[in-house]
Structure formats: C-alpha cells, structure tokens
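Down below is the structure, laid out as structure tokens.
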Amino acid sequence: MLDIKLLREQPAIVREGITRKGENPALVDEALALDEQRRQTLQHGEALKSRKNTVSQQVAAMKSRKEDAASVIAEMRLVADEIKALDGELRRVEDQLHATMLQIPNIPHASVPDGRTPADNKEVARWGEPPVIDFAPKPHWELLESLGIVDFARGTKIAGAGFPVFIGKGARLERALINFFLDQAAENGYTELLPPLMVNAASATGTGQLPDKEGQMYAVPGDEFYLVPTAEVPVTNFHRDEILLESQLPTKLCAYTPCFRREAGSYGKDVRGLNRVHQFDKVELVKMVHPGTSYDELEEMRSCAEQLLRKLELHYHVLLMCSGDLGFTQSKKYDLEVWSIGQQKWLEVSSISNFESFQARRLNLRFRPATGGKPEFVHTLNGSALALPRIVAALLEQNQTPEGKVIVPQVLHRYTGFEIIG
RNA sequence: GGAGAGGUGGCCGAGUGGUUGAAGGCGCCGGUCUCGAAAACCGGUAUACCGCUUGCGGUAUCCAGGGUUCGAAUCCCUGCCUCUCCGCCA
C-alpha cells in the first residue's frame with residue numbers, strides 16, 4: 001500500500017509509476033476523491049461529537065445541581081442519531097478507500113528500466129560458461145525416471161498432478177540442498193525461522209497475496225487459512241504490528257518451507273518434470289531494514305543468492321526486471337536464472353525484491369528512530385536462496401554422465417553422504 | 001471437545017455509568033542538590049487522524065465488533081486471544 005499523502009502531494013509521480021508498470025492509473029483519482037469525501041464526513045461528524053461531549057458534561061453538572069435536563073437530553077438524542085449515521089457513512093467511505101488503496105500497485109524505483117514484457121528485462125550479470133557435454137544431454141525428467149529418484153505418477157495418485165514424490169537419493173539430495181542453503185544463510189547473518197505453513201487472511205494481506213492474488217493460494221475449506229505460497233508470507237509477518245528499535249535493523253531472517261501454489265492458468269507450458277509444480281521446497285531470505293539502506297541491502301541479498309549458485313558451479317545470469325515485469329508489490333527486482341543444458345534454456349531459480357515501505361504499511365511494521373521521534377515504516381525485502389526444483393533439474397542435467405549417472409557437486413558431499421547417483 | 005478465570009498506557013496495577021486519556025507505582029527524559037554519581041525532591045513522559053499551523057484546538061483509542069444511554073474502561077450481546085482444570089492426542 002502506498003502512502004495516501006504521496007497520492008495527495010505528488011499524484012503525477014504515482015500515476016507515472018503505475019503507468020510504467022503497465023497498469024491503469026485511474027485508481028489514483030478514485031482514491032483521491034474518496035480521501036476528500038472521507039475528510040469532509042470526518043470533520044462534520046467530529047464537530048457534532050465535540051458538541052455532544054460538551055453538552056454531556058453540562059447534563060452532569062445540571063443533575064448534580066438537581067436541575068431539570070430533560071429538554072437538552074431530548075435534543076441530544078437527535079444529535080446522537082445523526083452522529084451514528086455519519087459514523088456509518090464514514091466507515092463505508094474508509095472501507096472503500098482502503099480497498100482502493102490495496103489495489104494500487106507499488107511504483108518502480110528510478111533505476112528500473114522501462115519495459116512491458118520479459119523481453120525488456122536487462123541482463124546485468126552472467127557467471128560461468130554453459131557446460132560442455134560431448135554427448136546428447138538428457139532433460140532432467142528422463143534422468144529422474146531412469147534413476148528412480150522422483151515419482152510423478154505416484155504423486156499424482158496421492159495428491160494430484162504437480163506433486164512429485166522424491167525417493168531415496170532424490171529425497172536425500174533435496175534435504176542436502178535445503179541444509180546447505182540454510183547453513184549458508186546462517187553464515188551470512190540470517191536467523192533461521194521454522195514458521196507455520198498455513199497463514200490467516202491478515203498475514204496474506206500484509207505481504208500482498210490478498211486481495212490481488214487470492215487464486216494463486218490454496219485455501220483450507222472450513223478454516224480461515226491459506227497454505228503458504230512462499231516463506232515470505234509467514235516470515236515477513238513475523239514482526240507485523242510491531243515497532244522495532246532502530247538498533248534491531250537490519251533484521252535478517254531466513255526460513256525453509258515447502259511452497260504451495262495453484263499455478264492456475266499455466267497448464268501446458270513449461271510444466272514438464274520439475275519446471276513447474278504445485279508443491280516445492282524453497283529457502284527464503286527476508287529483511288526488514290532502514291529506508292535509507294534498502295537498495296544496498298538488495299544488492300547484499302542478491303550476492304547471497306549468487307554465492308550459492310557459484311558454489312554449486314551452475315552457469316547463471318542475473319536479470320533486472322523491467323517496469324512492466326515487476327510484481328504488484330515490488331519496487332525493484334532481480335531474477336536469477338540457471339542454464340538448463342538438457343532443455344537449452346534459462347530456468348528462474350530466484351527472485352530478489354525490494355518492496356520499500358509498501359508491505360510495511362500493510363503490515364504496520366515500523367521502527368523507532370535512534371534519535372527519538374515518531375516511528376517510521378521499515379523497508380522490507382525478500383529473495384529466494386534458493387528455490388529447489390529447478391536447481392535440482394539444472395544440477396542433474398549439467399552433471400550427468402554418458403551412462404546416465406549424476407555426479408553430485410563437491411560442496412554437497414558432506415550433506416548427501418554420497419558423490420554419485422545411479 | 002467440556003468447565004472456569006481473565007484481557008486497562010513501555011511495564012505492574014487501580015478503577016462498576018458523569019471533567020477518567022484514565023489514580024498509584026516502576027521505567028524513561030529534564031531540573032534541583034553533588035567535584036561527580038547514587039539517594040531524595042520538583043517537573044515532564046501514549047498513538048492515530050482532522051483543522052488552523054514554529055504552537056494550539058478537535059476527534060478517536062482501556063482486546064475487537066455491535067447494542068443500551070444525553071453520557072460507557074465501567075452495563076448487555078458476539079467474536080478473538082491468554083491462563084487453569086478435565087477429556088483426547090504425535
């Protein structure tokens with residue numbers, strides 16, 4: 001959620017930012033009209049309340065003097081009705097304003113390039129070389145099947161399509177990667193959380209999944225819960241409705257969780273193997289930082305994620321997302337993509353974003369400046385470090401042997417306990 | 001799941017319809033005293049919104065929502081949460 005004051009004072013900047021994202025800026029004017037209406041109703045109601053309070057005290061005084069207050073009381077009865085009506089009106093206007101503000105997207109940072117589609121994203125870094133393999137590399141789904149380390153069919157039987165079952169060394173590899181990622185995050189100063197895997201509507205609203213992306217989450221029928229689509233939701237909400245001390249910033253948290261996503265509308269495209277599934281594992285980094293440092297913190301987070309890919313010796317590149325490819329809540333975002341030699345394309349394995357105060361305002365998450373004074377909203381960031389399935393896919397493809405076995409990267413040996421699969 | 005108790009300011013804790021934004025204490029800030037500190041004493045010490053605006057005025061906030069009343073922290077209803085006991089359970 002943006003600051004209503006920003007809309008009031010610099011509507012042109014907000015409209016331009018929304019337009020850069022390819023969205024319709026009409027909501028700005030709608031919000032401003034509601035804001036104006038809100039203040040008028042508020043002032044009217046408050047004037048009446050002021051009167052009511054004064055008269056009520058007079059009634060008390062009259063009664064203590066044993067005077068008759070009947071006529072004043074009769075008059076106040078009417079005023080009370082009017083106040084009730086105005087309060088109702090105010091409530092409606094405020095609800096409407098709030099609903100409108102929740103639909104206005106965050107605006108892009110100045111360093112974000114203009115653009116409308118993923119083709120306009122800028123490659124800002126590239127590491128390593130595409131691996132050279134002197135035989136025809138198999139896509140990971142063939143390796144998974146021949147090695148017997150993931151079973152899609154049985155996952156479908158148990159739950160449904162897109163719920164793979166990891167088996168034996170496959171399960172072990174998954175667990176090894178999770179532990180490796182968590183250990184690395186700890187070394188980089190992130191405190192590990194093991195959060196709830198279901199969240200309530202307030203949490204999902206805080207990080208921006210609601211109301212905008214409701215259809216992407218699994219809802220639990222009969223209970224007001226959603227399955228987490230990413231650890232971002234429970235972890236960022238950890239400090240919701242709190243005032244942190246400035247000395248607590250930056251607060252750096254990390255968490256492993258499974259992620260549950262309906263992926264509605266993505267059928268048929270890029271869904272083979274582990275490319276896109278309904279449940280997957282991910283380690284997420286989350287930071288709450290001082291507003292003055294959030295873009296430096298974004299780079300720090302990006303380098304944490306990059307380190308992991310380097311240690312796994314995976315060829316990757318970094319994309320700076322253009323304005324039109326930014327999500328609803330994001331001001332600036334990098335995507336990390338690894339090279340899939342078996343599919344001959346890039347696979348997104350990490351997304352690292354700065355939300356500035358957009359989430360913090362929804363979350364009511366502030367800090368008290370060390371110099372004293374009023375609490376200010378923190379800036380929040382998050383980044384995957386990393387999402388597992390496509391890492392597994394790229395890893396298997398890149399490290400396959402002509403015999404169909406897979407060499408496990410050195411850095412994982414102490415976690416897997418084996419060096420080769422197959 | 002059943003029975004009971006309770007949710008008041010940064011914290012503890014008074015307050016059962018009328019200057020109560022809320023006693024008292026602790027903490028915190030400023031001052032007096034002191035070479036300095038402690039103690040003691042004096043003063044100050046919530047948040048949000050609205051309006052004029054270096055300051056002031058108004059409104060709201062005693063878990064949340066609704067109700068009764070001229071007037072609610074205080075009475076009534078609903079919800080949420082916490083605690084205790086019983087049951088069930090990894």
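Every chain is numbered from 1 and lettered A, B, ... according to where its sequence line falls, protein lines coming before strand lines.
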Nearest-Å distance once atom [atom1] is located in both [N] and [M]:
N	M	atom1	result
B:U74	B:C62	C1'	10 Å
B:C26	B:C80	C1'	30 Å
B:A23	B:G4	P	35 Å
B:G9	B:A5	C1'	24 Å
B:G65	B:C70	C1'	24 Å
B:U20	B:A14	C1'	12 Å
B:C28	B:A64	C1'	30 Å
B:G24	B:G36	P	32 Å

When you get a sec, tell me which of [options] is the closest nucleotide to the side chain of [X]?
X	options	value
A:L42	B:G71, B:C49, B:A48	B:C49
A:I73	B:U59, B:C49, B:C70	B:C70
A:R368	B:U47, B:G18, B:C70	B:U47
A:R8	B:C50, B:U59, B:A48	B:C50

Once you apply the 3.5 Å cut-off to both distances, tell me the Watson-Crick or G-U wobble partner of [N], or none.
N	answer
B:G9	none
B:C85	B:G2
B:C56	B:G51
B:C70	B:G18
B:A37	none
B:A46	B:U61

Practice item. Could you check whether A:V72 gets within reach of a base, just the sugar-phosphate, or nothing at all, counting any heavy atom under 4.0 Å? Key: nothing

Taking atom [atom2] of [N] as reference, at what distance in whole Å does atom [atom1] of [X] sit?
X	N	atom1	atom2	answer
A:E82	B:C70	CD	P	16 Å
A:K49	B:A48	NZ	C1'	13 Å
A:N200	B:C81	CG	C1'	13 Å
A:I243	B:A46	CD1	C1'	10 Å
A:I83	B:G67	CD1	C1'	16 Å
A:L48	B:A60	CG	C1'	15 Å
A:D81	B:C70	CG	P	9 Å
A:R38	B:A48	CZ	P	14 Å

Point to revise | Given RNA chain B, 5'-ward residue of the pair A:R51 and A:Q57, judged by closest heavy atom | key: A:Q57

Ionic contact status for [Y] with [X], cut-off 4.0 Å:
X	Y	value
A:E284	A:K282	yes
A:K49	A:D87	yes
A:R175	A:D281	no
A:E94	A:R91	no
A:E300	A:K252	yes
A:R39	A:D35	yes
A:E145	A:K138	no

Practice item. Report yes if a donor N or O on one partner sits less than 3.5 Å from an acceptor N or O on the other, where the partners are the side chain of A:E46 and the base of B:G58; otherwise report no. Key: yes

N/O (side chain, [X]) to phosphate O (OP1/OP2, [N]) under 4.0 Å:
X	N	answer
A:R39	B:C49	no
A:R77	B:C70	yes
A:S50	B:U59	yes
A:R91	B:A60	no
A:K84	B:U68	yes
A:N53	B:U19	no

Review point. Got a donor-acceptor contact below 3.5 angstrom from the A:S384 side chain to the A:S351 backbone?
Key: yes

